[in-house]
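Below: one structure, written as structure tokens.
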Amino acid sequence: MSIRRLSLALLLSLPGLHAQVAKPTLHEALMAARADRAGDPGVAGAFHRLADAYGTPLYVYDQGHILGQVAALKSAFAPRFSKLRILYALKANTNPAVIGLLRSQGLGAEVVSRGEIETALRVGYAGGDIMFTSSSKGPEEIRRAIQLGSVLNVDSLDELGLVQAEARRQKKQARISFRINPGVDPHTIHQINTGIAESKFGLHLQGGIAFKAYEKALTMPEIRIEGAHCHIGSQITETDGYLLTARKMLGLVKDLKDKLGIKLGFVDLGGGLGIPYQDGQAVMSPEDLAKALEPVWKEGVAAAGYEPTLWLEPGRFFVGGSGFLVIRVNTVKETPLKTFVNVDAGFNTLMRPAMYQAYHRVRVIGKTQDPVKVDIAGDVCETGDILAEGRLLPRAQSGDLLVILDAGAYGFSMASEYNARPLPAELMVNGDAVRVIRKRGRISELFRNTTTAPATRK
Ligand code: LLP
């Protein structure tokens with residue numbers, strides 16, 4: 001860090017003095033907004049420059065944050081688990097620049113669709129680096145994954161049959177793992193709970209269903225069994241669910257070896273590591289998880305008599321906190337019951353609040369005075385399009401900028417053109433450098449692949 005940068009960083013960290021910083025770097029401005037100093041004139045200047053140059057709504061990702069998250073996960077797990085492989089779950093943020101950054105850190109790719117397979121390849125992944133998980137794979141997807149030599153994470157006996165048939169057709173062996181439903185509740189939002197018994201995902205441990213799937217696969221020469229996989233949910237903030245899951249998965253590992261002579265190459269405990277969405281929210285750290293998991297893993301491995309590689313495949317943890325959604329206030333409206341700040345983004349831009357009642361912090365740029373309780377209302381014509389409810393924020397007015405924090409995961413990747421609004425732009429910030437990693441959508445794109453011609457009868 002240069003002396004100038006260092007002094008800027010020091011100034012930013014001193015309460016009362018930070019207002020003197022005339023021109024923080026973009027990275028510093030993003031971090032200051034996160035630290036609730038979005039009112040600072042220097043910080044506001046940086047946001048206004050971005051919004052003026054690139055328009056709103058605008059997704060901005062901080063490269064330093066993403067790299068820091070990768071380093072944190074590696075430094076917690078690598079010293080404790082000698083056989084370790086980390087993948088990135090692309091669905092959290094499918095921008096090729098983001099995926100490329102994670103690939104550059106040595107992470108594998110966990111994908112859910114043909115589109116994500118092709119995105120991974122485009123970014124430079126080899127087929128063999130890809131793990132393909134989906135509870136409902138189409139024939140084309142199965143064909144492509146086998147052709148590429150990716151691992152297919154098989155979700156049902158029915159699918160096993162389809163994979164076998166396709167492998168035979170291609171005269172290849174399909175590499176597979178089974179997605180296991182361990183029947184564990186990690187205590188997260190209902191819609192993102194995936195490993196409980198009533199969930200649609202995976203082969204249940206319960207009733208020996210998963211075991212029988214391995215038994216069946218063993219009889220198929222077209223199938224190469226490589227591992228076992230599970231993913232119990234997303235935005236998990238406590239270690240307990242992982243520990244119980246690891247115990248159950250290693251129990252299966254032991255059973256498979258003892259009863260069927262199968263030795264697995266890997267056990268994938270999924271993603272799901274939560275991030276703090278609220279100021280002061282306590283969330284398990286990678287260090288907490290690695291530390292708690294180590295003895296459970298060692299015990300299970302000792303009982304099984306060999307050690308498979310531990311795979312992890314987070315998405316949100318790497319990218320969630322890196323993302324800042326910059327939006328502009330269209331109007332402010334006081335009603336008898338509430339004050340609405342109407343903005344130029346909605347659940348078409350960030351789906352999480354409407355879909356899961358998810359909480360995202362909102363900062364008002366360049367304002368510190370006159371706090372007022374407001375709802376941040378989206379521009380989609382639906383009652384449920386509220387991005388934040390009942391927040392005490394400095395009074396904003398038409399033209400002001402707001403920033404929504406932690407929008408890097410399941411933000412743009414879940415965005416749509418609903419209400420005929422083009423998709424937002426995405427930027428990557430590195431220090432004070434910025435790159436447009438996705439151009440703003442255009443109105444003309446709303447009509448792509450369409451025609452106004454009628455269906456005429458011959
Ligand atoms: N692996 C599998 C098989 C998954 O289904 C998922 C996420 C992940 C890994 C990555 O999970 P993460 O580490 O990001 O929690 N749209 C929701 C989250 C849905 C997660 C779907 N599966 C949200 O906005 O909270």
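Just so it is clear, the model here is predicted, and its values are computed rather than measured. Read the numbers this way: they start at 1 and go in the same order the structure lists the ligands and their atoms. Numbers here simply count residues along the sequence, with the first being 1.
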Side chain or backbone, does Ala92 bring an N or O within less than 3.5 Å of an N or O on ligand 1?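 Min N/O separation from ligand 1 is not below 3.5 Å for Ala92.
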
Backbone or side chain, does any N or O of Tyr410 fall under 3.5 Å from an N or O of ligand 1? yes

Numbering as shown, the atoms of ligand 1 that approach [X] to under 4.0 Å (heavy-atom distance):
X	value
Arg316	12 (P), 13 (O), 14 (O), 18 (C), 23 (C), 25 (O)
Arg179	3 (C)
Gly315	10 (C), 12 (P), 13 (O), 14 (O)
Ala89	8 (C), 9 (C), 10 (C)
Met414	16 (N)
Gly272	11 (O), 12 (P), 13 (O), 15 (O)
Lys91	1 (N), 2 (C), 4 (C), 5 (O), 6 (C), 7 (C), 8 (C), 9 (C), 21 (C), 22 (N)

Tell me, please: is [X] in heavy-atom contact with ligand 1, that is, under 4.0 Å?
X	value
Met355	no
Gly270	no
Met351	no

For atom 16 (N) of ligand 1, which of Tyr356, Tyr88, Phe201, Tyr277 has the closest heavy atom?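 Among Tyr356, Tyr88, Phe201, Tyr277, the closest heavy atom to atom 16 (N) of ligand 1 belongs to Tyr356.
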
Among residues two or more places apart or on two chains, list those pairs meeting salt bridge (Lys or Arg N to Asp or Glu O under 4.0 Å) that have a residue in residues 68-81.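 Listed once each, the pairs are Arg80-Glu287, Arg80-Glu294.
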
Per the salt bridge (Lys or Arg N to Asp or Glu O under 4.0 Å) rule, what does the pair list look like for residues 216-236, sequence neighbours excluded?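 Sorted result for residues 216-236: Arg168-Glu222, Arg175-Glu226, Arg224-Glu226.
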
Give the contacting part of [X] toward ligand 1: side chain, backbone, both or neither, where contact means a heavy-atom distance below 4.0 Å.
X	answer
His231	side chain
Arg352	side chain
Ser234	both

Determine whether Leu402 and Val362 satisfy the following criterion, side-chain contact (heavy atoms from CB on, under 4.5 Å), listing intermediate values before the conclusion. CA-CA 7 Å; Leu402 308 183; Val362 179; 4.2 Å; yes

Kindly indicate, with the supporting measurements, whether the criterion side-chain contact (heavy atoms from CB on, under 4.5 Å) is fulfilled by Tyr61 and Asn93. CA-CA 10 Å; Tyr61 309 120; Asn93 188 319; 3.3 Å; yes

Which one of Arg34, Arg316, Gln278 satisfies the side chain to side chain donor-acceptor pair (under 3.5 Å) criterion with Asp406?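 Running side chain to side chain donor-acceptor pair (under 3.5 Å) over Arg34, Arg316, Gln278 with Asp406 returns exactly one hit, Arg34.
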
According to the interplanar angle, ranging from 0 to 90°, do the rings of Tyr277 and His360 count as parallel (below 30°), tilted (30 to 60°) or perpendicular (above 60°)?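 It falls in the perpendicular class, over 60°.
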
Tell me whether Gln164 contacts the main-chain N or O of Ile223 through its side chain, where contact means a donor paired with an acceptor under 3.5 Å. no

Side-chain donor/acceptor of Lys373 to backbone N/O of Gly390, under 3.5 Å: no

Evaluate the criterion side-chain contact (heavy atoms from CB on, under 4.5 Å) for residue pair Val70 and Phe318; output intermediate values, then yes/no. CA-CA 6 Å; Val70 175; Phe318 295 129; 3.7 Å; yes

Would you say the ring centroid of Tyr418 lies under 6.0 angstrom from that of Phe347?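 Yes - the distance between ring centres of Tyr418 and Phe347 falls below the 6.0 Å cut-off.
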
